Amino acid sequence: MSNVQNSLDYSLLERLTQTYAPSGIERAVAEQISEIIRPYCDSLTQDKMGNLIAIRKGSGNGKKIMVAAHMDEIGVMITHIDKNGFLRFTPVGGVHITELPHRRVRFSNGRIGVISQEKLDKPADLKLSKLYIDIGAADQDEAEGMVQIGDSAVFTGEFVWAGSRIISKALDDRIGCFVAIEALKRVQTEHEIAFAFTVQEEVGLRGAQTAAFALEPDVALAVDVTLTGDTPKAHPMDVKLGSGVAIKVFDRSMITPPQVKQWMAETAEKERISYQWEVLEAGGTDSGAIHLTKGGIPAGVLSIPTRFVHSPSEMIDTKDVEAAVELLVALLEGPIPF
Ligand SMILES: [Zn+2]
């Protein structure tokens, strides 16, 4: 186990989190991942949706396993530019409107804007139509020289360490990409593994849907973040930061089949990897789309417990990351008992 701990290169995670890749514009992250994984793949392609598909061939006697992690992050898209150069916008993915005032956003060209609000009579009046982005333009002409209708921006949020923990924007789901990359580098197996770095998860699991249809795996595993119940007066949830990788049982997109749950938990126990059960009452992830593909594909999820999901300050614990890499590698290397 210290093996994995000492060899994880978190500077790669830092680069991935700070890269601009809102849903539908994942290219910059795809390019970084390609560069890193190319030496470890038997084939590396991008499909028509933009999913990055890396194949590690098997011995011919194994199964075909799909591993999915999404490259996109939440953001906002410009809908209107007014004569004074202020921008109106719509959310791309699960953005909490009430948390937006005075956050910074960054466009693909590096331009920074600050979100602010019209004068409100009372705080409860805050809604999307009251918000605007100020990019420092003097008027509409100057603004239109910097951004256009339909441009997307992402939230800014520096990558910082807090002891064994990391705080950053876009850990959802660059941490899943990071875990998949590390597993891809390490895994030695008779199974054929198709690593799918997917697009447009945040707007409805769209890339995973077409990737799974094309790949037709025997079994699939997604890697994504999940919420925790370990902060003051949190909604009750039995997932804690630092207590190990979470094995998903349920979310709004899927119910994990008993044989997949059992395979994942027994593998963790055999390898002495700390894990916890995840029952997520809101949201879903790529396995939700994958398991409904063709005649149905058995699918599970390894989740990284994450505080403050969809904020610029998501927080994870590296102990959980290490457990996730270890469990994913063990699952890909072992027999599939169903
Ligand atoms: Zn998300």
Side-chain angles (χ1 to χ4, degrees), residues 13 16-26 28-30 33 49-52 67-77 90-100 103 105-106 152-157 159 166-180 196-209 211 221-229 231 234-235 237 239 241 245-246 248 250-254 278-290 299-317 320-321 324:
L13 177 63
L16 290 172
T17 63
Q18 298 304 304
T19 300
Y20 169 94
S23 303
I25 318 173
E26 295 85 354
V29 164
I33 296 175
M49 287 286 282
N51 296 304
L52 181 67
V67 176
H70 71 89
M71 297 188 289
D72 62 313
E73 68 191 288
I74 58 166
V76 296
M77 184 182 282
T90 196
V92 178
V95 171
H96 307 300
I97 301 297
T98 55
E99 295 172 12
L100 292 183
R103 278 200 196 166
V105 295
R106 181 161 53 90
S152 291
V154 299
F155 299 102
T156 65
F159 180 102
I166 291 167
I167 303 166
S168 178
K169 87 181 239 293
L171 285 166
D172 177 9
D173 186 29
R174 307 294 153 70
I175 187 59
C177 296
F178 179 74
V179 168
F197 298 91
T198 61
V199 297
Q200 299 190 37
E201 189 270 354
E202 296 289 1
V203 289
L205 323 179
R206 296 177 189 167
Q209 188 178 341
L221 293 167
V223 190
D224 203 346
V225 303
T226 190
L227 307 180
T228 70
T231 52
H235 178 78
M237 182 181 181
V239 173
L241 217 61
V245 56
K248 189 182 295 286
F250 173 99
D251 67 21
R252 292 296 162 199
S253 70
M254 66 175 290
E278 173 204 353
V279 178
L280 181 64
E281 293 177 80
T285 185
D286 280 344
S287 281
I290 297 167
V301 183
L302 292 81
S303 296
I304 315 299
T306 305
R307 291 183 184 161
F308 323 126
V309 170
H310 286 194
S311 86
S313 304
E314 295 173 333
M315 183 189 287
I316 57 169
D317 192 308
D320 303 329
V321 178

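Both ligands and their constituent atoms are indexed starting at 1 by order of listing. If you're wondering where the values come from, they're calculated on a predicted model, not measured in any experiment.
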* Just do the side chain to side chain contact (heavy atoms under 4.5 Å, CB included) check on H96 and S311 with the steps written out, would you? => CA-CA 8 Å; H96 307 300; S311 86; over 6 Å; no
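- Here the protein contributes D172 OD2, E202 OE1, E202 OE2, H310 NE2 as N, O or S atoms under 2.8 Å from the Zn ion (ligand 1).
- Every residue meeting the side chain to side chain donor-acceptor pair (under 3.5 Å) condition with S253, not counting sequence neighbours, appears here in chain and number order: D251.
- When only modelled atom types and interatomic distance are considered, T226 and S303 share no side-chain donor-acceptor pair under 3.5 Å.
- Side-chain atoms of E26 and H70 include no donor-acceptor pair closer than 3.5 Å.
- Remark: S287 engages no residue in a side chain to side chain donor-acceptor pair (under 3.5 Å) (not counting sequence neighbours).
- Applying the salt bridge (Lys or Arg N to Asp or Glu O under 4.0 Å) test to pairs two or more places apart or on separate chains, those with a residue in residues 278-287 are K248-E278.
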